[in-house]
Structures are given as structure tokens and as C-alpha cells.
Amino acid sequence: MRYLPLTDTDRSDMLAKIGASSIDDLFVDVPEVARLDGPIRDLPMHASEMAVERHMKRLAGKNLAAGDAPFFLGAGAYRHHVPASVDTVIQRGEFLTAYTPYQPEIAQGTLQMLFEFQTQVAKLYGCAVANASLYDGSTACWEAVAMAGRVTKRKRAVLSGALHPHYSEVVKTMAQFTGDEIADSAPSIQTEPDLEGLISRIDDETSCVVVQYPDILGRVSDLSKVAEAAHAKGALLVAVNTEPVALGSIKSPGELGADIVVGEGQSIGVGLQFGGPYLGLFAVRNPKHVRQMPGRLCGETTDAEGKRGFVLTLSTREQHIRREKATSNICTNSGLCALAFSVHMTLLGERGMRELAAENHRLACLAADRLDKVPGVKVLNNAFFNEFTLMLDGKPAREIVRGMADRGVLGGVSLGRLYPGVEALEHALLVAVTEMTTEDDIETLATELEALVKEPAQ
């Protein structure tokens, strides 16, 4: 079956209509150095569908999948158990095929689900209002910076050095188009985050301070000091959370004074899925900021007969209002992932959420205690939830991670990989533990790590 519906005559007619002599004329704006000078090297010109399937299966067989090995990867995406009932609900036709809920009279189910989702996120984050989700945690982080600029009428954002570097990069990329000044720094390699250093960077032009909680090294700190310092300068505190399960054990960012709380919701109801799709969570502590929030917000109302109903209350996007008045150009929310989050959260309830968090922390403490006994390995953190940093003697962490993968263990994330060129982090290994981790997995990790740390460097 061919997927090239145009004939040579069709193409010639189209080119003639627009005044182009050849297809190459359509690419004159692409620098010549960026153009292919022929077929892609080492890629066959064509193959049968069955041959391609066989080839792709052979390539896939080289992967070490999350469920096939002891798994300790984290750094913003976590392997948690997702109940089968979550998939059962999100695959119902009413949800799976639903489009944008612009017509409330035929979208009550979707709107009610989003309303319940917003309530759950607001409670989880310790905030007054949450929106109906964004694309993912990193883009939600940028939207928080942009919103802080609208609220404070300032253009300088201070980023904590312990903010996930992918989030920082998204913020810096987007700021190129808005003229915002982004003040970032490298993370401090110490048991406690350098909050005093962060506070010293806040000035009278600062729109917001962005802090991750727990941070990229897994450290948990008291955000209230940063909130007080930011507010004293007229700035907002943006708290970023990449592991929502942690909020079943530690205080919510809103309780600690964060004005805007954003993060990644993947841990609850959404599988790893090779990196996406995920969903961004976004909430504000002060209801007066609601009209500056990006994306959609669903609300509860009553119909003409006095019956309870749900509507799309706010949706101040470029699709709907003048561009200069829009709070974002977000086209949609991550509706199906938000539904998965909400279903899983409903199944857990408050008690289940706290028990899940407690089990994550219990296993992480077992792992930290065991790994700290490995010669040449030291746990950096004083405080953590389910993720902590190991400092390794000898070989760089990237070599250790590769060595463990070759031995059938997915043993963590090298911080040298996340921060290329930062010498202090070359020997730092970030280890995440969830309820999916067994005590046997922890012992396997410790055994393989000890063997690899002892091996002489290549």
C-alpha cells in the first residue's frame, strides 16, 4: 500500500501554480549546510511492512524495560503501580473519544471529571485554585514564571540551582521570546540546599523565585524562609514538585507560602510511557490571581432548572481573546492523563495516599541505609522522600550506570548526564525507590554497585 497519493503530473501542476521550478525551490530558506545531499546514509530505500516489523522487534529486544529489571530511575519520572481500574475507566468511549468540552450540555462527564481533578490538585498542593492541567511539568514551570511576570509587572526570574535542569532549559528557551531575564545557577553539592545563597539573589526587580520541592538531588527543605524573603521584595514564590506522591508525607508547598505551585502529575495514574504523554499540574494559593492563570479552568454552576452543572469557566487563551490579553497560547489540557490521575487519586483517597507515601519512604530509607554501607559510596542527603543522591569514589557515575545496565540493573540517573560539564556532579548518582521496589532489588543494587565501584577505571 502506497501513502503517496500525488502523481508526478499533480506535483508539476502544483509547482507551476506557485511559480516554483522544482521541489528544491521550496527549501531555499533552509541553510544549505542543514540540507541532505542525498539519501540518509545506512537507511534502506524501502522494505516490506513485515520486514520492517521484524527489524523493529529486533531493535526493541535490545532495550532493558522498566518491568524487566531492578529499577531505580527517577529524576522527574517515576515507576509507580497503576491499578487496572484506571485503564478501564479512561478507555471508556465517553472519555477516550471526547474532544474539547466547549458545549457543556453534551460534555458534563468530562467537565465534572476536570472539576474533581482541579479540587484534588488544589488540596494536594495546599492551594485555593487549580486549573484543568497543562502539557507537562516543565511547560507548567514556564507558565508559572510568565504568570508571575504578569502579576508583579517585573521581568526577572531567579531559578534555584537545584531545579531540574530540563525545567530550567524550558524556562530559558521560552524567555528568549518574552524578554524575561532568567537568573540560574549550578546546584550546590551539600547535604542541605543553599537557601541563603538563593535568597541573596532576590532583588527589587525579581518577579519570582523558582524552587523545586523535593529538589533535583532529592533534598527536602523548608520553603517558608524563601517565601518570606521573596514576599519581602514583592516577588512570588513558585514551587515545583516532580513527585506528587511525596506530598502524602511532607507539607504542601502552599502551606509553606508558595504563591504558585506547579509540577508533574505522572506518578499518579500515568505510567512511564517512554517519557510521555504526561500532565502538568498548576495551582495558585491566592484566589485573586485566578484570572492570570494559564489554560482552562472548569467551574460548577446551576442550570435554568436549578440543577447542578459544570462549565468551562475561564479559558483566556489566544484562541478566544486578543493575543495581548491572553494568559497563554496553550491549545488544550492533558485531558486523558488528567482523568487517569483523578481516577487513581480517587481510588487512593487521603488515607491511601498517605500509606503509599509512607511505603515509598520506608523502602527509600532501607535502600539509603544499605547503600551507605557500600565501600566508596556515601549518601549525600540529610533529608529525602523516595529519592536521594549517592556520591561515588573512583569512576564517574555514568560509567557505573552503564555497567549496572549491562548487568541487568537500572541503577539510577547520573547527575553528570543531567549536568554535563559540571565536574562536581560527575560522581553523583540519583537513586529513586518506590513501592514497586523490593528488598531483593535493593540488595541486588548494592551488590552490583559494590562490584563496579571496586573495579579499576578503564
Counting distance only, does the side-chain N/O of [X] pair as donor-acceptor with the main-chain N or O of [Y] below 3.5 Å?
X    : Y    : answer
N131 : R296 : no
S207 : R156 : yes
H231 : L236 : no
T191 : N381 : no
N386 : A432 : no
T434 : R79  : yes
R150 : T327 : yes
H164 : A75  : yes
N333 : A132 : yes
E255 : S252 : yes

[X] versus [Y], closest heavy-atom pair with distance:
X    : Y    : result
T437 : L363 : O-CD1, 3.5 Å
L371 : V377 : O-CG1, 3.4 Å
Q108 : F310 : NE2-O, 2.9 Å
V343 : S85  : CG1-O, 4.4 Å
Y213 : S221 : CE1-O, 3.3 Å
G411 : L429 : O-CD2, 3.7 Å

Would you find more than 12 non-hydrogen atoms of other residues, nucleotides or ligands less than 6.0 Å from [X] atom [atom1]?
X    : atom1 : result
E423 : CD    : no
R35  : CZ    : yes
K155 : NZ    : yes

Side chains of [X] and [Y] in contact at under 4.5 Å (non-hydrogen atoms):
X    : Y    : value
Y135 : P277 : no
D184 : L163 : no
F385 : V245 : yes
N241 : L124 : no

For side chain to side chain donor-acceptor pair (under 3.5 Å), just list the numbers for D441 and T444, CA-CA rounded to whole Å, side-chain angles, deciding distance to a tenth of an Å, and then say yes or no.
CA-CA 5 Å; D441 290 340; T444 299; 5.4 Å; no
For Y78 and E387, what are the C-alpha separation, side-chain angles and deciding distance, and is it a side chain to side chain contact (heavy atoms under 4.5 Å, CB included)?
CA-CA 10 Å; Y78 303 91; E387 192 167 29; 2.6 Å; yes
The reported gap from CE in M353 to CD in Q120 (rounded to nearest 0.5 angstrom) is 10.0 Å
Roughly how far, to the nearest 0.5 Å, is the CD atom of E355 from the OG atom of S249?
11.0 Å
F341 vs F117 aromatic rings, parallel, tilted or perpendicular, using cut-offs 30° and 60°?
perpendicular
Closer than 4.0 angstrom, basic N to acidic O: yes or no for [X] and [Y]?
X    : Y    : answer
R362 : E359 : yes
E192 : R219 : no
K172 : E169 : yes
D406 : R402 : yes

Does the side chain to side chain contact (heavy atoms under 4.5 Å, CB included) test come out yes or no for L390 and V379, once each step is laid out?
CA-CA 5 Å; L390 300 177; V379 174; 3.6 Å; yes
Any donor-acceptor N or O pair under 3.5 Å, side chains Q212, S160:
no
D440 side chain to T438 side chain, donor-acceptor N/O pair below 3.5 angstrom:
no
Taking H80 as the fixed residue, which of E243, Q266, H344 is the one that meets the side-chain hydrogen bond (donor to acceptor under 3.5 Å, both in side chains) rule?
E243
